[in-house]
*Asks:* 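Got a structure for you, questions after.
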Amino acid sequence: MLTSTEIKQMLDALPLPVFAKAADHSWIYGNQAFTDLIGLDDFIGRDDTSLFDEEQVDIFWREDDLVFSGQASTSFEEIGEGTFALTRKFPITLEDGKPGLIGLIIESVACPEDLRKTRSDYKSAQEKNNLLLSQLQNRADGHAKHYEKRLRDLERERETAQSLAQTDPMTKVGNRLGFQADLQSLSKRFDEMSGSFTLVYIDLDDFKHINDTFGHRMGDRVLCQVAERLQSIDSIFSVSRLGGDEFAVLMECAGQSTQQVEAQLQQIADHIFRPVTEFRREVDASGSLGFTRYPFDTKNLSELKHYADLALMKAKNAGKGGVRKFETSDHSDDLRLRQLEAGLRTAIKEQGIAAVYQPIVEAREGNIQGVEVLARWTHPELGSIAPDEFIFIAGRLGLLVHMDQIVLRRACKELAEFLESGSIEYFSVNASPSDVASLGYAKNFLDTLREFKIDPNSVLIEIIETAVMDKSQTARDNLAELSVAGIKIALDDFGSGYANYRTLLDLPVNVLKVDRSLINTINVKPHLIDFLVSILHMAYALGASTVCEGIETEEEKTLAETLGFDALQGFLISRPISIGRLRKAIERQEKDRATIERRRA
């Protein structure tokens, strides 16, 4: 993790404006170039509300929240009167373990001085317009023409500056400011004529894959082509690019039912998401659409945008290429989500995440060899929350690292006596991709073990392949440091379609945890037995032990034992249990073992 001093030393020398923010959007750093750009010296500890209006702050913070969740962002933003900046933001983890970001202003563009003055003075000029016109009536014709020409020039200059401020420079459609202006204009017009319109949010599917596979130039071409195709559709009132690969579309839909609008949007999706050809290469493009209708769903413009966003999220969750309308149930789901987010933040802050332990047993003897540590959370009002749900939310909020740290500390405290007595050989914890890629993760992990006097050789870290494949060299460095210290590395969900031979050769893997889908479907796919045998041979060649996950029936247990797995895990063996129940299970096992030894004697 970076300290504030390290951030400053690293970035002070850069000639480009650079700033850093904490998770509450407050500035914690800005180099001299950034200070000069914004013209404010005492910005540390303050946030964007000190300089910008509410609409612009909303734009900044929406991009910031994406970055705090772990995604890099590139956006074209207005950062001052007549000044626009291309800003690249990167996620970081601060010295207190909380998420932050670094912003690099790659290029800034300022309107000419007269245009800036035009924009700032236009309101005043407009207020004086009636007075000027009345004065013109009392002047000579030559003077009147002079003032009329000046007013026309003033209007043209204002329109030029406004167009620059409201246009996305790459796709040439509207930007966020342009979208907001169009939305307000259209709502006002339809209020006067009692009409209706549709707001559509569009998000490209797997756009990162296009950039990574074909390059950013091709990605830019896809965005421009989608924007161009949208603009060619007559029924569309305006098109705006909100940032990244997300667009907003306003459509007139007077007299149309919701079903008709949905069918029309499906036709639009088929039109805009055709393959894009550039540089003799063809790229398939697809996207998801979410829409809401004004005034049927709401007349509040902030709610309208939020509803379109909820519909888009539902469309994306349902799969690629979907079109989804806003439903009232979406709002209920969103309220629940917000309740969960607030509750999870509090639970993590107050160390309210519990740990349970699922035993892993030796395949031959059936004795408890180790335990996998799993997180559990009970919301004070909503009750027990499914792990998949709250872990997903923690990841989106950038809190996974903090939650995993709570679970690790709890496991160290509760399992120390069993490790010391030899009742269990090890415990395993899951490391999320954000964990593995965090600066200082290995050091902090080892520091926690030292604090509780836990031998690193009795700890196993479970990772999935994408934790390393999709991350930087930092992830590999962390795993190497942990491995050297004695911690064993397990590749989880092996055989599910992610892992490959290259991963096994590149990483210090000690254990293969074979995915439950292989053993659970063996009855309908008997050829999987050969696949499981090949995995076991490969593990043996690599010197790695094997755990068969998902054992739920006696038949599966017998098969795993016969094939030669080293250890077993699953509901048949034991469900995840509390530390109290684990203690009783260990005591019962030791009592049974003592009985067997007495009989042998």
Side-chain angles (χ1 to χ4, degrees), residues 1 93 95-98 343-361 367-380 384-385 387 390-391 394 399-432 434-436 438 440-463 478 481-483 485-490 492 510-511 567 569 573-590:
M1 290 180 289
T93 301
E95 58 185 332
D96 59 0
K98 295 180 179 179
L344 189 57
R345 288 183 187 276
T346 301
I348 290 175
K349 182 179 179 181
E350 297 177 355
Q351 309 284 303
I353 304 297
V356 294
Y357 307 96
Q358 186 171 31
I360 302 169
V361 302
N367 294 322
I368 297 176
Q369 186 180 65
V371 293
E372 180 178 353
V373 186
L374 300 167
R376 291 294 184 267
W377 176 47
T378 301
H379 189 279
S384 179
I385 308 300
F390 74 77
I391 289 173
L399 299 174
L400 261 182
V401 174
H402 312 298
M403 187 173 74
D404 288 348
Q405 179 67 11
I406 292 172
V407 174
L408 173 63
R409 295 181 64 84
R410 195 174 298 276
C412 288
K413 181 179 180 180
E414 294 181 342
L415 297 176
E417 60 175 296
F418 302 117
L419 294 171
E420 186 175 355
S421 66
S423 300
I424 60 174
E425 296 176 17
Y426 66 88
F427 70 83
S428 70
V429 292
N430 292 279
S432 66
S434 55
D435 281 340
V436 179
S438 299
Y441 170 70
K443 178 181 181 300
N444 292 335
F445 194 98
L446 293 170
D447 286 346
T448 301
L449 297 187
R450 278 191 289 269
E451 179 184 346
F452 290 92
K453 297 181 174 56
I454 301 294
D455 183 356
N457 290 284
S458 62
V459 179
L460 181 73
I461 289 182
E462 299 187 20
I463 63 169
N478 277 327
E481 184 177 347
L482 292 168
S483 181
I487 291 175
K488 295 179 178 63
I489 308 298
D492 201 10
N510 307 105
V511 180
Q569 181 179 0
I573 309 301
S574 173
R575 290 178 176 272
I577 55 180
S578 66
I579 187 63
R581 291 182 61 190
L582 176 63
R583 178 176 284 104
K584 290 180 180 179
I586 290 174
E587 290 173 351
R588 185 167 56 250
Q589 173 179 286
E590 291 177 346

*Asks:* Answer whether the closest heavy-atom distance between the side chains of Ile454 and Val459 falls below 4.5 Å.
*Replies:*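 A side-chain contact under 4.5 Å exists here.
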
*Asks:* In Å, rounded to the nearest 0.5 Å, how long is the span from CZ of Arg581 to CZ of Arg575?
*Replies:*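 So the CZ of Arg581 and the CZ of Arg575 are separated by 10.0 Å.
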
*Asks:* What distance separates Leu399 CG from Ile406 CD1, expressed to the nearest 0.5 Å?
*Replies:*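 It comes to 9.0 Å.
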
*Asks:* Dump the intermediate steps for side-chain contact (heavy atoms from CB on, under 4.5 Å) on Thr378 and Ile385, then the final yes or no.
*Replies:* CA-CA 6 Å; Thr378 301; Ile385 308 300; over 6 Å; no

*Asks:* Minimum heavy-atom separation for Ser574 and Ile577, please, with both atom names.
*Replies:*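 Nearest pair, atom of Ser574 first, then Ile577: OG-CG2, 4.0 Å.
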
*Asks:* With sequence neighbours left out, write down each residue that passes side-chain hydrogen bond (donor to acceptor under 3.5 Å, both in side chains) with Lys443, or none if nothing qualifies.
*Replies:*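 Once residues adjacent in sequence are excluded, the partners of Lys443 under the side-chain hydrogen bond (donor to acceptor under 3.5 Å, both in side chains) criterion are Asp447.
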
*Asks:* Just verifying a value: how many Å separate Asp404 CG and Arg409 CZ, rounded to the nearest 0.5 Å?
*Replies:*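 Reported to 0.5 Å precision, the distance equals 14.0 Å.
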
*Asks:* side-chain hydrogen bond (donor to acceptor under 3.5 Å, both in side chains), that's the test. Do Gln405 and Thr448 meet it? Break it down for me.
*Replies:* CA-CA 9 Å; Gln405 179 67 11; Thr448 301; 2.8 Å; yes

*Asks:* Restricting to non-hydrogen atoms, name the atom on Trp377 and the atom on Gly343 that form the minimum distance, rounded to 0.1 Å.
*Replies:*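 Taking Trp377 first and Gly343 second, the nearest heavy atoms are CZ2-C, 3.4 Å.
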
*Asks:* Would you please name every residue forming a side-chain hydrogen bond (donor to acceptor under 3.5 Å, both in side chains) with Glu481, sequence neighbours left out?
*Replies:*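 Testing Glu481 for side-chain hydrogen bond (donor to acceptor under 3.5 Å, both in side chains), a comparison that skips the adjacent residues, returns none.
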
*Asks:* For Tyr357 versus Arg410, what's the shortest heavy-atom pair and its separation?
*Replies:*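 Looks like OH-O, 3.9 Å.
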
*Asks:* Partners of Glu587 by salt bridge (charged side-chain N to carboxylate O under 4.0 Å, His left out), sequence neighbours excluded?
*Replies:*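 Counting only residues at least two positions away or on another chain, Glu587 forms no salt bridge (charged side-chain N to carboxylate O under 4.0 Å, His left out).
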
*Asks:* Determine, step by step, whether Ile348 and Ile353 satisfy the side-chain contact (heavy atoms from CB on, under 4.5 Å) criterion, reporting the C-alpha distance in whole Å, the side-chain angles of both residues, the deciding distance to 0.1 Å, and the verdict.
*Replies:* CA-CA 6 Å; Ile348 290 175; Ile353 304 297; 4.2 Å; yes

*Asks:* Who passes ring pair (Phe, Tyr, Trp, His ring centres under 6.0 Å) against Phe445, sequence neighbours left out?
*Replies:*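 In terms of ring pair (Phe, Tyr, Trp, His ring centres under 6.0 Å), with neighbours along the sequence ignored, Phe445 is linked to Tyr441.
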
*Asks:* How long is the gap from CG on Asn478 to CG on Asp435, to the nearest 0.5 Å?
*Replies:*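 Interatomic distance, Asn478 CG to Asp435 CG, rounded to 0.5 Å: 9.5 Å.
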
*Asks:* Run the side-chain contact (heavy atoms from CB on, under 4.5 Å) test on Asp492 and Ile463 for me, step by step, so that the C-alpha distance in whole Å, both residues' side-chain angles and the decisive distance to 0.1 Å come before the verdict.
*Replies:* CA-CA 6 Å; Asp492 201 10; Ile463 63 169; over 6 Å; no

*Asks:* Rounded to the nearest 0.5 Å, how far apart are CD of Glu451 and CG of Leu446?
*Replies:*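 Glu451 CD to Leu446 CG: 13.0 Å, rounded to 0.5 Å.
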
*Asks:* Which residues pass the salt bridge (charged side-chain N to carboxylate O under 4.0 Å, His left out) test with Lys584, not counting sequence neighbours?
*Replies:*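 Applying salt bridge (charged side-chain N to carboxylate O under 4.0 Å, His left out) to Lys584 gives none.
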
*Asks:* Where is the tightest heavy-atom contact between Thr93 and Ser438, given as atom of each residue plus distance?
*Replies:*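 Taking every non-hydrogen atom into account, OG1-OG, 4.2 Å.
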
*Asks:* Quick one: CD1 on Ile368 to CD1 on Ile424, what's the gap to the nearest 0.5 Å?
*Replies:*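 Between Ile368 CD1 and Ile424 CD1, I get 8.5 Å after rounding to 0.5 Å.
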
*Asks:* Could you list the donor-acceptor pairs under 3.5 angstrom formed between side-chain atoms of residues 369-376 and any protein atom two or more places apart in sequence or on another chain?
*Replies:*
{"residue": "Glu372", "atom": "OE1", "partner": "Lys513", "partner atom": "NZ", "Å": "3.2"}
{"residue": "Glu372", "atom": "OE1", "partner": "Gln569", "partner atom": "NE2", "Å": "2.7"}
{"residue": "Glu372", "atom": "OE2", "partner": "Asn430", "partner atom": "ND2", "Å": "3.0"}

*Asks:* Please evaluate residues Cys412 and Leu408 with respect to the criterion side-chain contact (heavy atoms from CB on, under 4.5 Å), reporting the C-alpha separation (whole Å), side-chain torsions for both, the decisive distance (0.1 Å), and the verdict.
*Replies:* CA-CA 6 Å; Cys412 288; Leu408 173 63; 4.0 Å; yes

*Asks:* If you take all heavy atoms of Pro456 and Leu449, which pair is closest and at what distance?
*Replies:*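 In this case the closest contact between Pro456 and Leu449 is CA-CD1, 4.0 Å.
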
*Asks:* State, yes or no, whether a side-chain contact exists between Val429 and Glu462 at a heavy-atom distance under 4.5 Å.
*Replies:*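 Not touching, per the 4.5 Å side-chain cut-off.
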
*Asks:* Can you confirm whether the side chains of Glu590 and Ser423 place a donor and an acceptor under 3.5 Å from each other?
*Replies:*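 Looking only at side-chain atoms, Ser423 and Glu590 do form a donor-acceptor pair, the distance falling under 3.5 Å.
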
*Asks:* Kindly indicate whether the side chain of Phe418, heavy atoms from C-beta on, has any atom under 4.5 Å from the side chain of Ile579.
*Replies:*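 Sidechains of Ile579 and Phe418: in contact.
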
*Asks:* Show your working on salt bridge (charged side-chain N to carboxylate O under 4.0 Å, His left out) between Glu420 and Lys453 and close with a plain yes or no.
*Replies:* CA-CA 10 Å; Glu420 186 175 355; Lys453 297 181 174 56; over 6 Å; no

*Asks:* Quick check: closest heavy atoms across Ala431 and Val436, and the distance to 0.1 Å?
*Replies:*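 Taking Ala431 first and Val436 second, the nearest heavy atoms are CB-CG2, 3.9 Å.
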
